[in-house]
Amino acid sequence: MEIKPKIKGMTIVLIGDFNPKILSPVWHANQGLIRKEEGEKAETQIVHPDVTTFNLDWMRFQVTRNQYVLETWQETCEDILHDIVLGTFRLLRHTPLKKLGINTQSHFKIDSEEQWHEIGHKLAPKEIWKNVFKNPGMVSLTMQDMPRTDGLNGYIRVDAQPSTRVHPGVFIRVNDHYEAKDISSVTGADEIIDIFENNWNNSLEHSTNIITTLMEQLI
Amino acid sequence: MSLPQPDNYEMYQSYNDLQEEGPLMSPNSSLLDQMREKMPDETVATYMKEETGQKHENFHDNTTAQLVSADEIDKAPVYFLETKPNLERSISLQKWRCVITSVNRQDSTFIAKLINLTQKGIDEEAEFYIEEISDGDKELIAEGAIFYWNIGYHYSHTGQQTRISHIRFRRLPTWTEEEIQKAKDEAADIKDSLGWK
């Protein structure tokens with residue numbers, strides 16, 4: 001039985017030193033990273049030296065001095081997020097980038113509340129908790145695989161929670177996290193962007209496999 | 001056993017989580033209030049329109065949309081708009097990365113090679129009508145151009161499900177001379193390390 005998520009999203013997060021005021025929707029359009037009309041009609045919340053945040057109809061963008069975040073809940077646009085990140089930091093290659101997170105998140109609809117509770121029991125067996133709680137229930141579970149098997153710095157983390165968007169439902173997020181070899185001496189974007197470009201396809205495939213494998217065992 | 005805690009960056013399950021977890025947003029404060037904590041009133045006041053002598057004494061209460069024309073952005077680079085979380089979403093059933101191999105302007109069509117991203121298999125070829133392409137991407141139609149083609153379902157914020165064929169062109173800056181030279185240098189290093197002549 002093929003298990004497909006009801007809702008699927010992706011978030012790309014970069015940690016580094018940014019200049020938010022540059023990264024307005026107009027800048028993105030002028031650089032050809034998004035369509036001209038998107039730059040003009042973006043729903044801009046703020047453009048400021050400390051933070052810039054705007055929405056397109058398929059993407060949310062936020063950057064502060066230390067964190068850059070792109071998010072979409074339209075699976076058809078995931079590769080576009082990739083291109084925006086790649087394009088931005090090819091242009092701004094002197095931006096120090098220290099860490100990268102490629103985050104895949106999925107909400108699955110579960111057939112019944114009974115099955116939903118069963119999933120919670122499988123992920124977090126309740127026996128020992130019944131000694132201290134009257135009615136234990138899993139709120140969130142995080143598992144981590146570290147060190148990475150590809151030789152790069154970082155880890156892979158998986159979060160599992162009851163879904164807040166689908167009920168009864170399960171939310172699973174894979175955080176594929178990479179770090180520069182020596183964070184303290186990073187002076188540009190090349191190392192992290194090379195990691196991003198070289199690992200993008202594998203990351204998506206691996207994250208999808210993790211989510212699918214977990215769900216197959218839970219349902 | 002304790003593990004070193006790396007810097008945390010926020011990931012959001014939904015917009016409500018963004019509200020709760022994001023350092024810049026909280027369910028109890030508007031975005032404006034959050035920014036006010038970081039931006040002193042004196043700084044904000046310098047962004048106001050001075051020539052009309054407007055003083056926004058109720059500035060902190062005014063979080064409704066303020067349209068700012070392009071030529072005012074230099075004078076008032078900070079502006080606030082209320083937004084709603086984007087509830088639209090889509091699921092892709094089939095993805096291809098496509099490369100245009102030929103364009104026929106007379107027939108308003110183009111042919112592209114399709115690389116299947118959903119299942120590994122042989123490449124295919126398809127013909128597309130130029131009118132299927134969004135206006136904002138039409139200028140990118142040329143031999144060698146890359147676009148993504150997704151077939152799937154789109155869900156509106158009211159829950160309407162629609163089958164979609166979503167085509168969007170790839171947009172990347174062109175390679176600079178510096179990047180080309182860097183690639184050549186790396187290739188030369190690899191060649192030397194292999195001992196090739």
Side-chain angles (χ1 to χ4, degrees), chain A residues 4-9 11 13 15 21 26 31-38 43-48 50-51 53 55 57-58 60 62 64 67 69 71 73-80 83-84 86-87 90-91 98-99 101 103 105 107 144 146 155 159 161 163-165 171 173 175 177 179, chain B residues 3 6-7 9-18 22-24 31-32 35 38-39 47 70 73 77-93 95 97 117 134-137 139-140 148 150-152 154-155 164 166 168-176 178-179 182:
Chain A
K4 279 272 185 190
K6 196 77 179 164
I7 302 171
K8 189 164 181 279
T11 310
V13 181
I15 304 294
K21 195 175 165 188
V26 169
Q31 300 304 324
L33 297 170
I34 59 176
R35 294 173 182 152
K36 186 168 169 257
E37 197 177 48
E38 287 174 326
E43 191 180 24
T44 306
Q45 290 184 297
I46 182 168
V47 178
H48 183 270
D50 287 332
V51 61
T53 170
N55 298 337
D57 57 3
W58 56 273
R60 275 218 297 260
Q62 177 175 294
T64 64
Q67 185 187 86
V69 181
E71 182 188 68
W73 288 95
Q74 305 210 18
E75 190 182 355
T76 51
C77 296
E78 286 176 354
D79 289 302
I80 310 300
D83 291 350
I84 290 175
L86 205 60
R90 273 194 192 161
L91 289 166
K98 300 171 188 175
K99 302 178 188 180
N103 306 296
Q105 43 249 6
H107 294 260
Q144 176 173 286
M146 183 176 172
Y155 53 78
D159 294 313
Q161 300 170 3
S163 171
T164 57
R165 292 182 72 172
F171 169 75
R173 173 173 54 215
N175 168 214
H177 175 93
E179 297 186 2
Chain B
L3 294 171
D7 288 347
Y9 48 82
E10 303 297 344
M11 294 163 286
Y12 319 114
Q13 188 182 145
S14 69
Y15 191 74
N16 290 335
D17 291 346
L18 173 73
L24 296 178
L31 179 63
L32 182 53
M35 288 317 301
K38 292 180 188 295
M39 278 198 301
Y47 296 151
I73 287 177
V78 178
Y79 51 104
F80 301 92
L81 294 172
E82 275 190 342
T83 60
K84 292 176 190 169
N86 185 359
L87 298 175
E88 302 212 350
R89 53 192 176 85
S90 68
I91 297 284
S92 181
L93 300 174
K95 281 188 199 190
R97 185 187 309 120
L117 299 180
S134 301
D135 287 343
D137 279 355
E139 61 186 1
L140 301 175
Y148 302 105
N150 280 263
I151 291 177
H154 177 266
Y155 302 86
I164 55 168
H166 183 269
R168 181 149 179 148
F169 273 68
R170 187 174 218 200
R171 290 168 174 269
L172 284 176
T174 51
W175 291 100
T176 62
E178 192 185 339
E179 284 166 328
K182 185 185 170 199

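No experiment lies behind these values; they were computed from the predicted model shown. Each chain gets a letter, A, B and so on, in the order its sequence line appears, and its residues count up from 1. Just so you know, these numbers use all the heavy atoms, side chains as well, and skip hydrogens, waters and symmetry mates.
Looking at B:Asp137, the atoms closer than 4.5 Å to chain A (heavy atoms on both sides) sit in the backbone and in the side chain alike. Residue contact with chain A, scored on non-hydrogen atoms closer than 4.5 Å, involves the side chain of B:Leu117 exclusively. Contacts of B:Ile164 with chain A are made by side-chain atoms alone, with heavy-atom separations under 4.5 Å and no backbone atom involved. The parts of A:Lys8 that come within reach of chain B are both its backbone and its side chain, each placing non-hydrogen atoms under 4.5 angstrom from that chain.
Between chain A and the residues B:Arg97, B:Lys182, B:Arg170, the most heavy-atom pairs under 4.5 angstrom are made by B:Arg170. Residue with the most contacts toward chain A among B:Pro173, B:Ser134, B:Gly152: B:Pro173 (heavy-atom pairs, distance under 4.5 Å).
Aromatic ring orientation, A:His177 versus A:Tyr155: parallel (interplanar angle below 30°, classes split at 30° and 60°).
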Query - Pair A:Trp58-B:His166, ring pair (Phe, Tyr, Trp, His ring centres under 6.0 Å): steps then yes or no - result: CA-CA 12 Å; A:Trp58 56 273; B:His166 183 269; 8.3 Å; no
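Looking at heavy atoms from C-beta onward, A:Asp159 lies out of side-chain contact with A:Gln105 at the 4.5 angstrom threshold.
No donor-acceptor pair under 3.5 Å is formed between the side chain of A:Thr64 and the backbone N or O of A:Val51.
For the pair B:Arg168 and B:Tyr148, the NZ or CZ position fails the cation-pi test of under 6.0 Å to the six-membered ring centre and within 45 degrees of the ring normal.
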